[in-house]
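Notes to accompany the following structure.
Bear in mind the structure is a predicted one, so any value in this text is a computation, not a measurement. When a ligand or atom number is given, it counts from 1 through the structure's own listing order.
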Amino acid sequence: MSTLCGLISALTAAAVGVAAASNPPPQPEPIDVVELPLPPVAPSDAEGACTPAINPRRTGCIGIDVKEFQAGDFTPDGNHVVVNVEFVGAPAAPDPASTYTGEQLILIKADGTTFSNGDPWKCLSCGVPPEQAMSLDPERDYPHVFRSGKKALWGHNILDCGGVDLASDECTPNRTHIYPIHWTISADGSGPGGVPREMRLHPDDVHMGWSSFTDNGGQFGYFGRLEFNPNPTVGEPLAPRYDLVNVSVLIDQSGKAPITVEGSELHINRDAITVGELRGFSGAGDEILYIGSSWESSNIDVFAVHVVTGAVRRLTSHPEYADPIAFSHDNKWFVVMDTRGSDRQMWMAGMRWIPPLIDMVAVTAASSTRNNGARRFFQPILIDRNGDRGEYFGQQVNAGGDGSNGSVNDPNWNGRADPAFSPDGTRIVYWQALVVPPACGRANPLPCPVSTAQGGRTYRVMLARLTSRKATKPAKVFDVPDYIPWTTPFPPGASLPEQFGVPDGHYTLRGRVSGVADVILEGTSTLGGSGSVSVSYRNYSDQTGYVLDGHEQVSAQIIQWDNLIDWSSDIVQTGVVQATKRTSPGGFHLEINAVTNIFNANGTLTTTINGVEYKQPANGT
Ligand SMILES: *[C@@H]1O[C@H](CO)[C@@H](O)[C@H](O)[C@H]1NC(C)=O
Ligand SMILES: *[C@@H]1O[C@H](CO)[C@@H](O)[C@H](O)[C@H]1NC(C)=O
Ligand SMILES: *[C@@H]1O[C@H](CO)[C@@H](O)[C@H](O)[C@H]1NC(C)=O
Ligand SMILES: *[C@@H]1O[C@H](CO)[C@@H](O)[C@H](O)[C@H]1NC(C)=O
Ligand SMILES: *[C@@H]1O[C@H](CO)[C@@H](O)[C@H](O)[C@H]1NC(C)=O
């Protein structure tokens, strides 16, 4: 299952953008992909369904459905991967096998060997004495091994094996402690604290990044330091815990917004730091990775900002949707889960270099169409640290395969979060889930695939070997200060700033290369909120060779997670490509919920590039 042909097609001339003179893109490389072992599947979740016949060693069974499953990253030796599983079918206590139940943190072997008990997995959290695991937080997502190999981040908890390697035989339940993570936000320290989400540990094993929603559906990124608190006297839980201290919110103190107004002119500030959702850190920890304000309309990308200088880099630019991302420890590569190759988003984002104006009201809708409910369209893409550029759009990690049911490139197996690099940079681990009802079957034209995984399991963990690579040393970990200079301190009791918006008005936006856009804004006082944006382009160009003419108008009504969008487009692009972006007579009307992601539209929006038509998905697909 080796391939040299996984280079993402360059969308022909449509994608020719910035010349890549200083950093020539790498050639595609051979990649081998294999599946990693997991505990056996029990036929049902019923008590005792995990029989000795299914698991003779009595070390647990997992279920057919994905539930809260997530694979994470490698131990320092690169031979194990940390995984959050949901054990099912355990016998009742006092059977010793009764501890293999519910969400647990395990290591799986990534080198074809087994642990000393003969299993290719070992549970880290099962059977830990209750007094060593008090008041655990129910959130167990995004498992991650500390660089030390002696602790793991397990959702909003930290599992600590008392100074020994998690992978060693010495790491037993009786020497393991699991501590919840607490974020004090009230001035007097009382209460359960803030609600972080998607925690990402800095490579220094001490600092943490995370996101958190605001009351009105907005979101900010945060940075802080983990501090062990053996005996808290205030705040919940009153149990040994890790506190997040010296917290700052990732808002540029200079106040530079992605779009600003000067008289009647709009400015799009590509150097603004716009941490929409924090995605993690670079391999050296010198940059914070995030999904930020788009540079191109409806094109959701990942950016990096330097922790000291605040310099912003755009890492992905392909029109498709990018999200979960991980850097190699040598800081030279990243792997990103992206819908590129699926054509999922091309109908709205395929025309390049439209400035991000309608995005003031339509960005949530544009990011919500990336999934059909639980069906993701992600595959892992390997890209060098300089990111997409020119005709280079990276290499699909799992493109080698015959496309048959269950093959490594079966499109019904969809990438999930997060992928990871082995510390020596020679391997990548990622996991996938199979399309299941209602994203297939019944009214849906996609027939439901039969799982080829063990026991009919609908999720799997995959190991990609970059077979031509030699092991590299991790980059020196950046000495990050507690308070990153450009951030805004967020001590307990602080309140959040208003989210940025642009006042109503009639504005001009000048193209970076040529032309103007006439822009009328109504009710867009909060970016990503309700309102209406109308734009007329005249010989407008932000990128040499891409000229826009025409009109586009989008009105959005956003109620909590629900987005109701009325859209009309008639844009023509000339230059290196001939392209159009057009709605049907009467316009395109989309209703989509940002959490459930079920596409429901009347009318059409179609993008045509050099004669190739990209159409929206059918309703419910
Ligand atoms: C800890 O557990 C291991 C293996 O289960 C056992 O051999 C050892 O005696 C235990 N140690 C203590 C201090 O209970
Ligand atoms: C950082 O956190 C520590 C521990 O909570 C605290 O003592 C110190 O005052 C904080 N520093 C600043 C500058 O807030
Ligand atoms: C592959 O799966 C599809 C359903 O997704 C099914 O219709 C087809 O028969 C399967 N092919 C083989 C060879 O099993
Ligand atoms: C339109 O813009 C192009 C560059 O994008 C420029 O070469 C051309 O002169 C402009 N045409 C007019 C009429 O301004
Ligand atoms: C589509 O049209 C139907 C019938 O007029 C209407 O009930 C529905 O709300 C429309 N949906 C959208 C997204 O506009």
Side-chain angles (χ1 to χ4, degrees), residues 16-18 347-348 351-355 361-362 364-366 368-369 372 374-375 377 401-414 432-442 444-453 456 458 460 508-518 530 532 536-550 553-559 561-569 571-579 583-594 596-605 616-621:
V16 181
V18 194
W347 57 281
M348 60 177 3
M351 183 183 277
R352 299 294 310 269
W353 304 110
I354 301 178
V361 298
T364 307
S368 302
T369 55
N372 174 29
R375 182 181 184 196
F377 294 83
D402 59 11
S404 62
N405 295 345
S407 63
V408 301
N409 62 342
D410 177 348
N412 284 327
W413 283 94
N414 301 157
Q432 296 175 309
L434 188 65
V435 175
V436 294
C440 61
R442 295 190 208 120
N444 196 303
L446 180 71
C448 280
V450 175
S451 172
T452 49
T458 56
R460 63 185 190 182
T508 300
L509 173 69
R510 294 187 190 284
R512 285 163 193 268
V513 177
S514 69
V516 290
D518 282 324
S530 299
S532 164
S536 294
Y537 295 104
R538 274 178 292 133
N539 203 41
Y540 182 96
S541 176
D542 270 349
Q543 179 78 21
T544 303
Y546 295 80
V547 180
L548 302 171
D549 284 282
Q553 167 152 21
V554 177
S555 305
Q557 217 190 315
I558 301 177
I559 302 151
W561 303 109
D562 277 317
N563 288 254
L564 282 165
I565 307 285
D566 296 303
W567 191 319
S568 75
S569 278
I571 304 182
V572 175
Q573 185 169 59
T574 52
V576 299
V577 291
Q578 303 299 314
T583 46
S584 53
F588 167 70
H589 311 280
L590 172 67
E591 180 189 0
I592 195 152
N593 179 288
T596 56
N597 305 128
I598 308 294
F599 190 90
N600 180 23
N602 292 327
T604 61
L605 171 61
Q616 74 215 42
N619 287 347
T621 70

From the candidates Val435, Asn412, Leu434, Asn405, the one that places a heavy atom nearest atom 2 (O) of ligand 3: Asn405
Check: Tyr540 ring centre within less than 6.0 Å of Trp353 ring centre: no
In the structure I gave you, are the side-chain heavy atoms of Ser568 and Leu605 within less than 4.5 Å of one another anywhere? no
To the nearest 0.5 Å, what is the distance between OG (Ser368) and CD1 (Ile598)? 11.0 Å
In ligand 5, which numbered atoms sit nearer than 4.0 Å to a non-hydrogen atom of His589? 13 (C), 14 (O)
Asn600 contact mode with ligand 5 (heavy-atom cut-off under 4.0 Å): backbone
Under 4.0 Å from atom 8 (C) of ligand 5, do we find at least one protein heavy atom? yes
Testing the 3.5 Å rule here: is there a donor-acceptor pair between the side chains of His589 and Asn602? no
Look up atom 14 (O) of ligand 4 and tell me if a protein heavy atom lies less than 4.0 Å from it? yes
Which ligand 4 atoms are under 4.0 Å away from a heavy-atom of Val547? 5 (O)
Quick check: Asn602 and ligand 5, any N/O pair under 3.5 Å apart? yes
Closest approach of Asn619 and Ala601, non-hydrogen atoms and distance? OD1-N, 2.7 Å
Identify the closest protein heavy atom to atom 6 (C) of ligand 4: which residue and atom is it, and at what distance? Asn539 ND2, 4.2 Å
Is there side-chain contact between Leu590 and Phe599, with at least one heavy-atom pair below 4.5 Å? yes
How far is atom 5 (O) of ligand 4 from its nearest protein heavy atom, and which residue and atom name does that atom have? Ser514 OG, 2.8 Å
